[in-house]
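First up is the structure itself, then whatever we jot down about it.
Computation of the quantities below employed the complete heavy-atom set of this structure, encompassing side-chain atoms and omitting hydrogens, waters and symmetry-equivalent molecules. Numbered from 1 within each chain, the chains take letters A, B, ... in sequence-line order. It should be emphasised that the depicted structure is a prediction, and the values quoted were computed from it without experimental measurement.
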There are 2 protein chains.
Amino acid sequence: MTRPSAYHHGDLRRALLDAAAEAIGESGPAALSLRDLARRAGVSHAAPAYHFGDKAGLLTALAAQGFDLLTRALRAAGDDLLEAGVAYVGFAVRHRAHFEVMFRPDLHRADDPELVAARARAGGVLRGGVARRTDRDPDADALAAWSIVHGFATLWLSGALPPRVGTDPEAAARAIAGRLFP
Amino acid sequence: MTRPSAYHHGDLRRALLDAAAEAIGESGPAALSLRDLARRAGVSHAAPAYHFGDKAGLLTALAAQGFDLLTRALRAAGDDLLEAGVAYVGFAVRHRAHFEVMFRPDLHRADDPELVAARARAGGVLRGGVARRTDRDPDADALAAWSIVHGFATLWLSGALPPRVGTDPEAAARAIAGRLFP
DNA sequence: ATTTTAACTTGCCATTGACAAGATGTGACC
DNA sequence: GGTCACATCTTGTCAATGGCAAGTTAAAAT
């Protein structure tokens with residue numbers, strides 16, 4: 001049903017975001033080109049500008065989408081703090097492109113209202129899970145928990161980890177996150 | 001004494017690396033331009049290619065330099081594991097540009113021999129410090145420790161942390177890293 | 001049926017990375 | 001002292017990119 005006719009693509013905005021996630025997954029955010037996305041979507045090279053203004057605008061939208069995906073992933077993990085941490089890592093691996101853009105402020109507009117809101121929603125879920133679990137200073141515990149899963153996810157994605165860690169990121173994450181709250 | 005005469009700059013390679021670190025510190029790696037670096041160093045636009053081949057070559061060299069700086073920073077922190085973690089965060093904040101490039105494989109050539117060697121040296125120091133300290137599985141403990149300080153450093157640099165964390169990254173790092181090995 | 005408006009296109013320009021070919025000093029060798 | 005080889009930088013060029021301006025098309029509103 002997708003109208004291949006150039007004009008009124010129908011869902012170009014989503015198509016471009018999908019293409020961006022795919023392209024970033026292939027070659028990283030540095031190699032991303034708006035014109036390549038336009039080609040993938042079958043539209044002219046200036047079409048993306050209409051929906052996103054410029055490159056930063058597109059990546060801002062992608063980051064916001066990422067935070068909403070993360071929110072859902074954390075909620076789905078339930079009340080268990082450890083499983084939430086595992087879900088965080090799982091999200092990073094499964095939505096690598098989103099994850100990379102979300103925490104790279106030089107690629108997007110960090111003060112964009114929609115992005116700020118989406119980030120706040122995710123942050124709320126994250127800290128809520130910690131507060132339910134710990135009996136000590138919740139802020140510090142939340143930061144420690146966030147740091148360890150975020151750090152592991154980042155290291156995993158960067159390929160800096162030795163092969164000894166294995167091939168299952170979520171299992172490895174469970175092992176190390178369990179060390180924080182034994 | 002710095003010869004401003006164009007030809008035979010004298011230390012162009014180092015000058016370009018310095019300029020790159022400065023430029024990345026100002027606007028992030030995404031906005032880095034070889035031609036801008038050349039302008040900063042007062043040479044022609046093609047001069048960088050001689051020393052580094054291409055953009056990835058320059059960033060590979062910067063990453064390798066970063067791992068050596070990290071190695072020195074960790075060694076200087078001494079035998080205490082907690083202080084090594086704090087030093088890791090201090091390095092990331094103080095050498096932000098290096099740190100960002102070091103863990104972004106889409107920006108450099110991860111299999112470059114010099115980079116591989118520099119990374120291995122840093123990894124050796126890192127794991128050595130952990131093995132001296134823990135009595136449990138050293139590999140898993142090393143990974144957990146690395147993850148928590150790396151994650152905190154990354155979050156700090158990304159600006160994603162709430163203001164509540166404060167303005168002193170090393171103090172905050174000490175607080176949360178202490179939770180891993182109480 | 002006409003007008004308005006949303007969603008694209010075409011055309012253009014400055015900037016960039018990469019490459020090729022040339023210029024210029026520097027030191028080696030005789 | 002002269003020449004030669006080489007390392008280091010320059011000039012020139014090209015295709016690709018991001019972003020802007022102006023035009024075009026189709027769908028919706030009146």
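- Rounded to an integer number of Å, the gap from CG of A:Asp11 to P of C:dA7 is 11 Å.
- Ring-plane geometry between B:His95 and B:His98 is classed as perpendicular, the angle between the planes exceeding 60 degrees on a 0 to 90 degree scale with a lower cut at 30.
- Rounded to an integer number of Å, the gap from B:Leu12 CG to C:dG25 P is 16 Å.
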Each nucleotide in nucleotides 12-20 of chain C should get exactly one letter: B, S or -. Can you fill that in based on protein heavy atoms under 4.0 Å? B---BBBB-

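- Listed by first and then second residue, the ring pair (Phe, Tyr, Trp, His ring centres under 6.0 Å) pairs that reach into residues 33-76 of chain B are B:Phe67-B:Phe103, sequence neighbours excluded.
- Rounded to whole angstrom, the span from the CZ atom of B:Arg14 across to the P atom of D:dT8 amounts to 15 Å.
- Note on ring orientation: taking the six-membered ring where Trp is involved, the planes of B:Trp146 and B:His150 are perpendicular (angle over 60°, cut-offs 30° and 60°).
- Using cut-offs of 30° and 60° on the angle between ring planes, the pair B:Phe91 and B:Phe99 is perpendicular.
- For D:dT8, the OP1/OP2 oxygens have a side-chain nitrogen or oxygen of B:Tyr50 closer than 4.0 Å.
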Go through the steps for B:Leu155 and B:Val165 under the test side-chain contact (heavy atoms from CB on, under 4.5 Å), then give the verdict. CA-CA 11 Å; B:Leu155 290 173; B:Val165 177; over 6 Å; no

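- Applying the side-chain hydrogen bond (donor to acceptor under 3.5 Å, both in side chains) rule to A:Asp68 yields the partners A:Arg121; only residues at least two apart in sequence or on another chain are considered.
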